[in-house]
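Labels below follow one simple rule: chain letters A, B, ... track the order of the sequence lines, proteins then strands, and each chain is numbered from 1.
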There are 4 protein chains.
Amino acid sequence: MARGVNKVILIGNLGQDPDTRYTPNGNAVVNLNLATDESYKDRQTGQLVPKTEWHRVVMFGKIAEVAGQYLRKGSKVYIEGKLQTRKWQNKEGQDVYTTEVVVDINGQMQMLDSRGGEGGMSQGAPAGRPQQSGYNAPAGQQNNPPPQSGGYSNQPSQGSMPEPVDDFDDDIPF
Amino acid sequence: MARGVNKVILIGNLGQDPDTRYTPNGNAVVNLNLATDESYKDRQTGQLVPKTEWHRVVMFGKIAEVAGQYLRKGSKVYIEGKLQTRKWQNKEGQDVYTTEVVVDINGQMQMLDSRGGEGGMSQGAPAGRPQQSGYNAPAGQQNNPPPQSGGYSNQPSQGSMPEPVDDFDDDIPF
Amino acid sequence: MARGVNKVILIGNLGQDPDTRYTPNGNAVVNLNLATDESYKDRQTGQLVPKTEWHRVVMFGKIAEVAGQYLRKGSKVYIEGKLQTRKWQNKEGQDVYTTEVVVDINGQMQMLDSRGGEGGMSQGAPAGRPQQSGYNAPAGQQNNPPPQSGGYSNQPSQGSMPEPVDDFDDDIPF
Amino acid sequence: MARGVNKVILIGNLGQDPDTRYTPNGNAVVNLNLATDESYKDRQTGQLVPKTEWHRVVMFGKIAEVAGQYLRKGSKVYIEGKLQTRKWQNKEGQDVYTTEVVVDINGQMQMLDSRGGEGGMSQGAPAGRPQQSGYNAPAGQQNNPPPQSGGYSNQPSQGSMPEPVDDFDDDIPF
DNA sequence: TTTT
DNA sequence: TTTT
């Protein structure tokens with residue numbers, strides 16, 4: 001239900017491997033940095049100047065899982081989501097605003113890297129769970145929350161695995 | 001020319017009258033705050049919770065002129081533009097990032113307020129130049145650029161007019 | 001799941017009241033004719049020439065119900081859907097292709113008619129079921145499928161109701 | 001200028017090489033068949049059923065030239081255009097309607113085939129003018145206009161070349 | 001800060 | 001066939 005339209009459509013390339021984390025329920029949350037390129041004619045020189053715009057993208061749910069598995073640094077991707085700005089406090093206690101493109105159940109993702117298997121699996125990541133470092137999100141985050149969307153764990157909760165103590169979702173909004 | 005796609009589509013309502021300024025060349029630059037509404041079901045209570053997202057929109061050129069003339073606080077509008085994040089320094093010299101939806105020659109605007117005369121003119125603004133405060137863009141901007149897109153004059157440039165001082169929009173972003 | 005993107009975004013006005021029908025399961029199916037206006041500069045005369053494009057829109061599910069209830073001839077609406085071309089045979093047995101904008105569970109609709117009560121209910125249609133003509137979808141459709149999307153009943157199915165004959169929408173597409 | 005929104009966004013693959021023609025002024029006009037894939041869950045069997053939708057795309061101007069040069073059968077492409085339905089008469093003199101996605105100066109195209117040169121040039125087409133057959137559009141077209149957008153020549157007019165007699169633009173609308 |  |  002919406003009494004408005006809030007839609008973002010991007011085609012670009014990932015600046016790094018996606019950052020995959022998990023909510024306490026085991027839901028994937030993926031953060032991406034996506035570059036869209038444009039070039040414009042410089043009024044003075046008349047030359048074509050390339051310009052890269054970087055976008056913070058946050059994915060949830062099934063799409064996040066696929067993105068985490070198959071996208072890699074450099075991957076080209078189409079995404080459709082919505083704009084969202086969240087407010088958080090930096091070290092100095094100042095309000096900081098971060099605008100992200102949120103891709104949830106209503107969004108869409110299309111991998112545009114070509115035909116015949118690409119990225120992810122071919123880079124030796126264990127099937128389904130690439131790039132797991134085996135422990136939790138970066139230390140230091142507790143005190144200096146970076147503009148990640150939340151402070152999710154980067155390890156999925158698995159069945160009856162003991163849930164390690166984790167203080168995520170402490171002070172970061174969203 | 002672009003090697004990517006960067007597109008934003010919004011339908012929402014203006015939180016205030018548009019802020020119209022002018023570049024030295026006399027080109028209009030309009031800043032808007034646009035609200036898009038959405039409601040989602042709260043997982044706990046099962047209730048429908050309304051949620052408003054605010055967007056900073058910057059318009060240039062012909063579209064800006066039309067927007068400045070006809071849009072008013074509360075106006076419903078369709079806009080199509082692109083995402084752009086710009087970096088500036090706050091008073092403390094810290095980097096601050098502001099993300100805006102830029103509507104330029106490649107963008108689009110549609111006023112969605114209805115039939116039979118609307119906003120703008122009917123609110124007594126002088127034809128074509130609403131809400132002029134009579135003096136110009138901030139001095140001091142050199143050091144503390146506010147989150148406006150540039151430091152444009154809010155009056156069309158007219159020959160060799162002296163540029164008076166102004167202290168609005170001091171330091172608070174967004 | 002899609003390995004492609006197929007998206008249509010329209011803002012326009014209805015040429016007539018929506019045509020509401022029902023599948024045997026009681027699901028609403030609404031057909032709309034939507035006009036989008038554009039004007040272009042005539043190369044010869046230099047004059048601005050208005051041009052109206054008409055779109056066939058088919059809505060399903062919840063969105064169809066809302067559309068059927070609240071939209072009326074002249075209503076302004078935002079719709080998001082996908083392109084779909086279906087093939088049918090005309091009276092002469094020739095293949096005919098009709099392209100429609102399909103708005104289903106993945107689509108979106110926003111009524112853009114304004115503030116303070118609008119259309120629909122105010123035109124005396126019985127609450128929730130406007131414009132029912134009291135009998136059902138075309139007989140004879142077996143041989144000459146009309147360009148409606150399917151041959152849905154224009155009355156919600158109610159138990160073992162007798163299905164009366166009707167001859168609307170004879171054979172002329174679009 | 002538009003008092004409406006009419007936008008189509010597609011990502012898909014070409015079913016054949018593009019069909020490039022030229023207006024009397026030498027402007028390129030390119031026709032494409034673009035497939036977008038989707039799959040849906042069959043209600044009966046519960047299985048995922050693939051479904052391909054074919055789109056007629058017509059490109060004009062600079063975009064058409066680039067498309068004609070670089071796109072080939074199988075190429076993946078992003079296009080943004082508008083819906084347009086044109087009416088023409090078939091052999092029997094009956095009205096036929098064809099809906100196309102028109103990509104003109106307001107549209108956009110992005111080739112999504114990857115990195116490191118692809119298609120087009122590598123297939124031996126003479127630089128800049130692929131697939132020229134050296135003579136004009138199919139005979140027989142005069143009487144039985146196919147649903148091509150116009151009856152443009154498939155050869156560019158070149159400098160002081162004698163313009164061969166051609167009867168295009170005879171009876172085909174659009 | 002808007003709107004329904 | 002709509003709308004401004």
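A salt bridge links C:Glu38 with D:Lys82: at least one charged nitrogen is closer than 4.0 Å to a carboxylate oxygen.
Residue C:Thr36 is out of contact with every strand shown, counting any heavy-atom pair closer than 4.0 Å.
Under 3.5 Å, the side chains of B:Tyr78 and B:Glu80 contain a donor-acceptor pair of N or O atoms. For D:Thr85 and C:Trp54, the side-chain atoms include no donor-acceptor pair closer than 3.5 Å. A donor and an acceptor atom, one from each side chain of C:Glu92 and C:Asn90, are located under 3.5 Å apart.
Picking from E:dT1, E:dT2, E:dT4 the nucleotide with the shortest atom distance to the side chain of A:Arg3 gives E:dT4. Taking only side-chain atoms of C:Asn13, from C-beta outward, the nucleotide of E:dT1, F:dT3, F:dT1 with the closest atom is F:dT3. Nearest nucleotide to the B:Asp37 side chain, out of E:dT3, F:dT2, E:dT1: E:dT3. When the nucleotides E:dT1, F:dT1, E:dT3 are ranked by their closest atom to the side chain of C:Lys73, F:dT1 comes out on top.
Note: CD (C:Glu53) to C1' (F:dT3) measures 15 Å, nearest angstrom. Following rounding to the nearest Å, C:Leu32 (CG) and F:dT2 (P) show an atom-to-atom distance of 15 Å. Atom CG in B:Asp113 sits about 10 Å away from atom C1' in E:dT3, given to the nearest Å. A straight line from NE2 of B:His55 to C1' of E:dT2 spans 11 Å, rounded to a whole angstrom. Counting to the nearest Å, the C1' atom of F:dT3 and the CD atom of B:Gln110 are 11 Å from each other. One interatomic measurement links the two molecules: CH2 of B:Trp54 to P of E:dT3, which rounds to 8 Å at whole-angstrom precision. In this structure, C:Tyr78 atom OH and E:dT4 atom C1' are separated by 18 Å, rounded to whole Å. When the P atom of F:dT3 is taken as reference, atom NZ of C:Lys76 falls 10 Å away, rounded to whole Å.
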